[in-house]
Structure formats: C-alpha cells, structure tokens
Amino acid sequence: MVRVGLTTERLVRAGAELADEVGFDEVTVSALARRFDVKVASLYSHVRNSQDLRTRIALLALEELADRASEALAGRAGKDALSALGNVYRDYAHEHPGRYAAAQLRLDAQTAAASAGVRHAQMTRAILRGYDLAEPDRTHAVRLLGSVFHGYVSLELGGGFSHSAPDTDETWTRVLDALDALLRTWPAV
C-alpha cells in the first residue's frame, strides 16, 4: 500500500533535494525509498524506475532554470542580458549542484522537445539577436555560450580554480566581458 502523502511531485522534489545533497549520480529509487522510510515497491506507482526519476529531476531543473532566466532577462539586452543569463546558470549551479547536474542529462528527442530546454535555447537566441548574428553563426554562438557557461561552472564546482588567484568571481566577470567582445566582433566566414 502506498504511504499517504507520497505523490510523484513530492518524490521528484525530494529526489532533487537528494541530488543536491549527495550528487545526481547517487539518486536512485532505492535511495529515495530510504529517505521516506518506505519499501522501494511503494514508489513504483509514482515513478517507473531510477531513470524515470532522474529524467523527472532533470525536467524540474530545466524548468527552474528557465523560470529564473526568464525573470533575470526581463528588460535586458546586450551584455547586460548575456551577463544575467550566465549568472543565472552559475548561481543555480552553486545553490543546487545536483539539480544543475541533472539539467545536463541527455534526454530523448521527444522529451527534450517538450521540456523547458526549448525555452533556454529561445532565450539565448533572443540575447544573440542583439549581437546581429545570422544563421548558422547564431547556432554556433548558442553552442559557444553553453560550452563556456557549463565548462566554467563545472570546473569551478569541481575545485579546478581553487588553487590559484585571482578569485573566481573576478575571472567570471572577465569571461563575460570576453564573450561580449567576441559576440560584438564575430568573425566573418
């Protein structure tokens, strides 16, 4: 019998919290069952398996990130918008490292197309309109921004910058300045 109060949403949120505490790779249905002190079987009426749980956490993280980005970007353009978007990703990763890792989960095409990941791409493309990039350069720039934001945050969270000066906040500011300069002077093919 399913314990009263367990819902799919509650389990996914608890799974997201667990991811932030112990790492996204450690989130399983078994770990979640231990958290609620229930048998694993009682969770299967809410999630199919650990992969389903992980996918749902990824979708939650993408939605949370998209909501934050949308709010941060309202009324901004150019470098101000670029910095706001980068800061949303970086701040979210620091606040919710497990969820941030979940947002990187590879989703099947149908799930990805229905996810908030589409909103992320739309917002990034909207920022890039301010830099007057046409296709395919706009797509190249979307990929560049994603790579730089994710790469920097991943290295920072992994302690890759903790062994030397200057402070990572200073470097982050310089990275955003460099991205803005690059986008304003995007090389012609």
(request) Using atom types as modelled and distance alone, determine if a side-chain donor or acceptor of D80 lies under 3.5 Å from a backbone N or O of R76. (result)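 Checking the backbone N and O of R76 against the side chain of D80, no donor-acceptor pair under 3.5 Å is found.
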(request) Please check if the side chain of S42 supplies one atom and the backbone of K39 the other of a donor-acceptor pair under 3.5 Å. (result)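 A pair under 3.5 Å: yes.
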(request) Using a strict 4.0 Å threshold on nitrogen-to-oxygen distance, state whether R13 and E64 make a salt bridge. (result)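 Result for this pair is yes, salt bridge flagged.
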(message) Taking atom CD as the centre, does Q110 end up with more than 12 heavy-atom neighbours from other residues, nucleotides or ligands that are less than 6.0 angstrom away?
(response)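 Check fails, neighbour count at 12 or below.
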(request) Enumerate the residue pairs fulfilling ring-ring contact (aromatic ring centres under 6.0 Å, His included) with a member in residues 93-138, sequence neighbours excluded, ordered by first and then second residue. (result)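 Residue pairs with at least one partner in residues 93-138: Y89-H120, Y92-H96, Y100-H150.
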(message) If the threshold is 4.0 Å, N to carboxylate O, is there a salt bridge linking E63 and R68?
(response)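 No, E63 and R68 are not salt-bridged.
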(message) Is it the case that the side chain of T124 and the backbone of V142 share a donor-acceptor pair, with hydrogens and angles ignored and the cut-off at 3.5 Å?
(response)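 It does not hold such a pair.
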(request) Answer yes if L62 and V47 sit in the same cluster of Ile, Leu, Val, Met, Phe, Trp and Tyr residues linked by side chain heavy atoms under 4.5 Å apart, and no otherwise. (result)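 Yes, it is one cluster - the side chains of L62 and V47 are joined through contacts under 4.5 Å.
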(message) Under a 3.5 Å distance rule, please check whether D20 uses its side chain to pair with a backbone N or O of R99 as donor and acceptor.
(response)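 Such a contact is found between D20 side chain and R99 backbone.
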(request) Kindly compute the distance separating OG1 (T111) from CG (D108), expressed to the nearest 0.5 Å. (result)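 The OG1 atom of T111 sits 3.5 Å away from the CG atom of D108.
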(request) Taking atom CD of E95 as the centre, report whether more than 12 heavy atoms of other residues, nucleotides or ligands fall under 6.0 Å from it. (result)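 Counting neighbours around CD of E95, more than 12 heavy atoms of other residues, nucleotides or ligands fall under 6.0 Å, so yes.
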(request) Tell me, please, whether F24 has R54 positioned over its six-membered ring: NZ or CZ under 6.0 Å from the ring centre and within 45 degrees of its axis? (result)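 That pair qualifies as a cation-pi contact.
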(request) Verify, without hydrogens or angle tests, whether R56 (side chain) and V12 (backbone) share a donor-acceptor contact under 3.5 angstrom. (result)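 No; zero donor-acceptor contacts below 3.5 Å.
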(message) Keeping T8 on the side-chain end and H46 on the backbone end, is there a donor-acceptor pair under 3.5 Å?
(response)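 Pair found, side chain donor or acceptor close to backbone of H46.
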(request) Look at the side chain of S70 and the backbone N and O of A66, then say whether any donor-acceptor pair between them is shorter than 3.5 Å. (result)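 Pair absent, no side-chain N/O of S70 close to backbone of A66.
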(message) Donor-acceptor pair, distance only, cut-off 3.5 Å: does the side chain of R138 make one with the backbone of R129?
(response)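 No, because the side chain of R138 does not come within donor-acceptor range (under 3.5 Å) of the backbone of R129.
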(request) Inspect the contact between R35 and E21 and indicate whether a charged nitrogen and a carboxylate oxygen are less than 4.0 angstrom apart. (result)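 Yes, charged N to carboxylate O under 4.0 Å.
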(request) Report yes or no: do V153 and L105 belong to one cluster of Ile/Leu/Val/Met/Phe/Trp/Tyr joined by side chain heavy-atom distances under 4.5 Å? (result)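 They do not share one cluster, since no chain of ILVMFWY contacts under 4.5 Å joins V153 to L105.
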(message) Between D169 and R174 (salt bridge meaning N to carboxylate O under 4.0 Å), is one present in this structure?
(response)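 So D169 does not pair with R174 through a salt bridge.
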(message) Taking ring-ring contact (aromatic ring centres under 6.0 Å, His included) as the cut-off, I'd like each qualifying pair that reaches into residues 56-79, sequence neighbours left out, listed once.
(response)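 Qualifying pairs, neighbours excluded: none.
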(message) Assigning hydrophobic clusters by single linkage (Ile, Leu, Val, Met, Phe, Trp, Tyr; side-chain heavy-atom cutoff under 4.5 Å), is L145 placed with V118?
(response)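 Looking at the clustering, V118 is in a separate group from L145.
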(request) Applying side chain to side chain contact (heavy atoms under 4.5 Å, CB included), run through I127 and L183 and close with a yes or a no. (result) CA-CA 11 Å; I127 290 168; L183 292 170; 6.0 Å; no
(message) Taking the basic N atoms (NZ, or NE/NH1/NH2) and the acidic carboxylate oxygens, is any pair closer than 4.0 Å for R184 and D132?
(response)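 Salt bridge flag = no for D132 with R184.
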